[in-house]
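Lettering of chains follows the sequences in order, A, B, ..., and the numbering in each one begins at 1.
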2 protein chains.
Amino acid sequence: MKEKITIYDIAAKLNISAATVSRALNGNTKISDTTRKLVLEAAENMNYEQNKLALALKSGKSKNVGVIVPHIDRSFFSGVIRGIEEELNSNGYRVIICQSYDTEEKEIESINALLNAQVDGILMSISNLTSDLDYILNKTVRKGVPLIFFDRKQDLKGVSTVTINDYEGGYQSTQHLINEGCKNIAHLRGSKRLEIYNDRCKGYKQALLDNGFEFKEEYVIETKSKIDEGAEAVQKLFKLPTPPDAIFSSSDFVALGAIKELKKMGVKVPEEFSVVGFGNDPFTQFMELSISSVDQFPTEMGKITAKVFLEQINSPGEIKIEKKVVLTPKLWIRKSSTKKDV
Amino acid sequence: MKEKITIYDIAAKLNISAATVSRALNGNTKISDTTRKLVLEAAENMNYEQNKLALALKSGKSKNVGVIVPHIDRSFFSGVIRGIEEELNSNGYRVIICQSYDTEEKEIESINALLNAQVDGILMSISNLTSDLDYILNKTVRKGVPLIFFDRKQDLKGVSTVTINDYEGGYQSTQHLINEGCKNIAHLRGSKRLEIYNDRCKGYKQALLDNGFEFKEEYVIETKSKIDEGAEAVQKLFKLPTPPDAIFSSSDFVALGAIKELKKMGVKVPEEFSVVGFGNDPFTQFMELSISSVDQFPTEMGKITAKVFLEQINSPGEIKIEKKVVLTPKLWIRKSSTKKDV
DNA sequence: TTATTTTATGCAATCGATAACATTAATTTT
DNA sequence: AAAATTAATGTTATCGATTGCATAAAATAA
């Protein structure tokens, strides 16, 4: 009742060799129709199921792909994973999940574990504390294991990346706020160690400059994407000689915290103050005061990341040129930044 | 540069047998300190890394666990997965994710794929279309692969389950609404095929009866946990001769849809109408009109599910008695159901 | 000093599937 | 009908690690 059927069992039953069974099951042409039928029938009857582990060991391909994200229970990342899973599953790959908790230690631990498990590739969003990328490279790309970054990338030789155009997202958001008539736009940014936040900030700055606005250092505050920090940032901003009248936040959560604080302070959003977030987290549209936000299309990003991986793994030859896919973000304009009715 | 180091490479270098290398690496006692040191040193120098695939094939344990959820990008499920991952990772297991999309077809496909991949166990929340549970049982438990249901369970011989007390959640929510002075409480429930929704409904009914209220069939509407259905349900309810003055919803999304519709209709929440949701989705607390909701503690549920699995897999002997863990839910009382200020 | 036990190591099989090579049987060519 | 192909199947090694059994060497007992 418990024993598992192998090709040897089938071979024994039919008095043929395991090799023949294997050939029959794999549609090899060098086999007679008679035996093929016999084998297929026996396999069916005996409930044979291929042991992928044995296949993996033999072929050197586990058909498993590792995915590392800071936290899986963040809507953006779970959306990406959804996309990855959808795309890879239909291509015969399984997805192994690891969380880095935004620490380099866990990240390296995960990479090692995944490599030991012989994954065929690693798709990841780096933690904002990652410093030793060379270590990761040595373990993966240089040993022939495809590595692909999504969203939180870093430009490395041999590493393909899939991101959205964060610069564009920052630019658009800021331009939108300017169009709405805002005069003093602050920016709540994320860690300086991550490209995505640097790019969003650059977009913000350029939009200001292109419109003849001044870029003020004191209007840019670094946060860790927590709600509370949005509130704190607002406090800080309102202590300035000229408080801003708008915020472009690199995080929806921070935007939310800011809005709550503004409300508490009696500042009316969007009449007196406009806010735009980033990420298009589901909650942004649920609020009565819905929050404008930049959509990063997580599921699409996941699918494309998976596709880039598949392309890479299926490309013959050794010379793999890294691919840099940049998706276009979309700003959803909602109530939090619209003085006139939408 | 690309070749992977095996114990044979180490053995060759040291002029000893692979068996000895294996013993040295595994801390076997039957080995001299000299050779052990030599091996460990060589392994270090040569950057040896164990191939878990080979180990898995040999031992019959892949150290991989499959997790099947309807959708990974739903906050409840991603929370559970987070908990599972945390608990299992620190025990040397990897987590393979599959989505059933709430279809039986995908569910069965996933189970087969996971079993082929030789996972050591399967943790799942069944889809609301699952009918052929016997098929699943035959593939797993009866062949010795532990199967554990979390949240969306079904009582089966040999299958452990981890759930919250849905009855209690339904009872508490309804009692709370009664305490708030609501007289006609409707219930927006989920699929009748899932125990969780039946239990929540039972709790709702019992609370009504215990308080001398009448249970009315027409006050119970089945939904699929979509926002729109909350709005539709409200429409229906207000066409009744006696429209309700409160809703206990089995889903936060449906509750949200209901609240939005009520607002559109000019019904004041919570003054004239109270709403309680289920799931404690993050957005419920972000809303200006925060939504009361029942917390299912997803991460804890995930951790406990993982623990139950570990217990089971580590328990010696064949007789595995199924374990039924029931967590206690917590009703977070927020604005949507509080007439007096909180 | 010889017999016995202990310690350290090697040999070979195993997990399940695949594939290069070898071999037999069947078919075609001349 | 003999020679040359071709088709179908078997043999065996392999992927990398573990382990029961055998064996040689060293240590202890008699």
Side-chain angles (χ1 to χ4, degrees), chain A residues 2-40 42-43 46-64 92 115-120 143-145, chain B residues 2-40 42-43 46-64 92 115-120 143-145:
Chain A
K2 224 172 152 181
E3 71 279 356
K4 286 183 182 155
I5 306 298
T6 72
I7 52 171
Y8 294 94
D9 299 321
I10 300 178
K13 181 153 214 165
L14 299 178
N15 254 316
I16 55 177
S17 77
T20 304
V21 175
S22 172
R23 280 189 276 254
L25 292 170
N26 289 299
N28 192 309
T29 49
K30 302 202 160 193
I31 199 168
S32 74
D33 279 351
T34 333
T35 29
R36 178 193 323 267
K37 263 189 212 148
L38 237 46
V39 170
L40 259 35
M46 301 170 77
N47 287 313
Y48 168 75
E49 269 159 24
Q50 193 189 42
N51 184 330
K52 301 276 185 196
L53 227 48
L55 179 57
L57 177 59
K58 182 79 212 315
S59 68
K61 312 246 155 268
S62 67
K63 285 283 187 168
N64 283 152
L115 292 173
N116 283 165
Q118 309 295 121
V119 292
D120 295 342
K143 278 194 186 138
V145 179
Chain B
K2 222 174 155 181
E3 72 280 354
K4 288 183 183 156
I5 305 297
T6 72
I7 52 171
Y8 294 93
D9 299 321
I10 300 179
K13 182 154 218 164
L14 299 179
N15 255 314
I16 57 179
S17 76
T20 303
V21 175
S22 171
R23 282 189 274 254
L25 292 171
N26 289 298
N28 192 309
T29 49
K30 302 201 162 193
I31 198 171
S32 73
D33 278 353
T34 334
T35 29
R36 160 167 307 122
K37 261 189 213 151
L38 237 47
V39 170
L40 259 34
M46 301 168 79
N47 287 313
Y48 168 76
E49 270 159 25
Q50 193 190 41
N51 183 331
K52 301 276 185 195
L53 228 46
L55 179 57
L57 178 59
K58 182 79 212 316
S59 68
K61 314 246 154 266
S62 67
K63 286 284 189 167
N64 282 153
L115 291 174
N116 284 164
Q118 309 296 118
V119 292
D120 294 343
K143 277 193 188 139
V145 179

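Regarding Asn15(A), its CG atom lies at a distance of 13 Å from the C1' atom of dT9(D), rounded to whole Å. Protein atom CD1 of Ile16(A) is 14 Å distant from nucleotide atom P of dT18(C), rounded to whole Å. The NZ atom of Lys37(A) sits 13 Å away from the P atom of dT9(D) (whole-angstrom rounding). In this structure, the CG atom of Asn116(B) is 13 Å from the C1' atom of dG16(C), given to the nearest Å. Taking atom CZ of Arg36(B) as the reference point, atom C1' of dT9(C) lies 13 Å away to the nearest angstrom. Counting to the nearest Å, the P atom of dA8(C) and the CG atom of Leu14(B) are 17 Å from each other.
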Any chance you could list the contact pattern along nucleotides 13-21 of chain D? Use B for base contacts, S for sugar-phosphate-only contacts and - for none, protein heavy atoms under 4.0 Å, 5' to 3'. -BBBBBBB-

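Side-chain contact between Asn64(B) and Gln118(B) is absent, with no heavy atoms from C-beta onward closer than 4.5 Å. Within the 4.5 Å cutoff, side-chain heavy atoms of Lys13(A) are placed close to those of Met46(A). Counting heavy atoms from C-beta on, the side chains of Asp120(B) and Lys61(B) come closer than 4.5 Å. Within the 4.5 Å cutoff, side-chain heavy atoms of Ile16(A) are placed close to those of Val39(A). Between Asn51(B) and Lys4(B), every side-chain heavy-atom pair lies at or beyond the 4.5 Å cut-off. With contacts defined as side-chain heavy-atom distances shorter than 4.5 Å, the pair Leu14(B)/Thr35(B) does not qualify. A heavy-atom distance below 4.5 Å is found between the side chains of Leu40(A) and Leu25(A).
Taking CG of Asn15(A) as the reference point, atom CG of Leu38(A) lies at 11.0 Å (rounded to 0.5 Å). Expressed to the nearest 0.5 Å, how far CD of Gln50(A) lies from OG of Ser22(A) amounts to 8.0 Å.
Nearest heavy atom pair, residue Ile10(B) against residue Ala42(B), reads CG2-CB, 4.0 Å.
Taking the C1' atoms of five terminal pairs at each end of the helix from dT1(C)-dA30(D) to dT30(C)-dA1(D), the two resulting helix axes are inclined by 50°, rounded to 10°.
Checking the phosphate oxygens (OP1, OP2) of dA7(D), no side-chain nitrogen or oxygen of Ser32(A) falls inside 4.0 Å.
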Pick out the pairs of N or O atoms, protein on one side and nucleotides 23-25 of chain C on the other, that lie under 3.5 Å.
none

Verdict with reasoning, Asn116(A) to Lys52(B), per side chain to side chain contact (heavy atoms under 4.5 Å, CB included): CA-CA 6 Å; Asn116(A) 283 165; Lys52(B) 301 276 185 195; 3.7 Å; yes

